[in-house]
Amino acid sequence: MMGDSFGTALLVVLGALVALGLALAVAALVVIRRYDLPLRGTVATLASLAYVVSPVDAVPEIPLGPIGLVDDLMVIIAAVVYVRGLIAARRGLDPAALDHPGRAPRDLPRQPPPRLPRGRQGNRR
């Protein structure tokens with residue numbers, strides 16, 4: 001009886017980890033495609049994903065349990081911060097401006113309306 005419940009719990013945990021890995025892979029691909037990341041952003045995203053999925057870790061999960069997930073979490077956070085900075089640099093924005101997509105942040109200076117060249121300002125005679 002005890003072996004069956006352990007096996008079921010192990011399968012549930014492994015299934016959850018596989019689902020989390022797939023969700024991270026889909027999110028990474030969406031970010032790469034949507035924001036047209038440069039090569040270094042793509043490499044950082046895919047390398048962090050490979051590290052999280054890889055069984056080789058700096059802090060192993062098996063003997064340490066949930067504490068072993070700390071290094072994976074740190075790698076994910078570092079990759080998100082790095083890619084977010086690349087996206088902001090590509091857009092010419094402050095990284096805080098990415099919190100509200102589609103809306104210009106308040107701390108950026110307003111751009112004056114474009115002016116027409118001197119010869120085309122209207123019919124002034």
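All values reported here derive from a predicted model rather than from experimental measurement. Side chains are part of it too, since the values below use all heavy atoms of this structure and drop only hydrogens, waters and symmetry mates.
Connection of Tyr35 to Leu29 is not established within any shared hydrophobic cluster, with ILVMFWY side chains joined at heavy-atom distances below 4.5 Å, either directly or through further cluster members. At a threshold of 4.5 Å between side-chain heavy atoms, the hydrophobic network of Ile, Leu, Val, Met, Phe, Trp and Tyr places Val31 and Val75 in two separate groups. Placement of Leu14 and Leu22 in two distinct hydrophobic clusters is found when ILVMFWY residues are connected by side-chain heavy-atom separations under 4.5 Å, directly or transitively.
Contact detail for Ala44 and Ala79: the closest heavy-atom pair is O-CB, 4.4 Å. For the pair Val52 and Asp72, the tightest heavy-atom approach, listed with the atom from each and the gap, is CG2-O, 3.9 Å.
Looking at Val70 and Val59, their side chains never come closer than 4.5 Å, going by heavy atoms from C-beta outward. Side-chain atoms of Leu46 and Ile32, non-hydrogen and from C-beta on, do get closer than 4.5 Å to each other. When side chains are defined from C-beta on, Val56 does not count as touching Tyr51, because their heavy atoms never get closer than 4.5 Å.
Rounding to the nearest 0.5 Å gives a distance of 11.0 Å between CG of Leu24 and OG1 of Thr45. Taken to the nearest 0.5 Å, the CG atom of Leu49 stands 8.5 Å off from the CD1 atom of Ile76. Rounding to the nearest 0.5 angstrom, the gap separating the CG atom in Leu69 from the CD1 atom in Ile67 is 10.0 Å. Distance check: Ile87 CD1 to Arg34 CZ gives 9.0 Å after rounding to the nearest 0.5 Å.
Shown here are the side-chain contact (heavy atoms from CB on, under 4.5 Å) partners of Leu86, two or more places apart in sequence or in another chain: Pro38, Arg40, Tyr82.
Side-chain atoms of Arg90 come within 3.5 Å of backbone atoms of Asp36 as a donor-acceptor pair (strictly under, hydrogens ignored).
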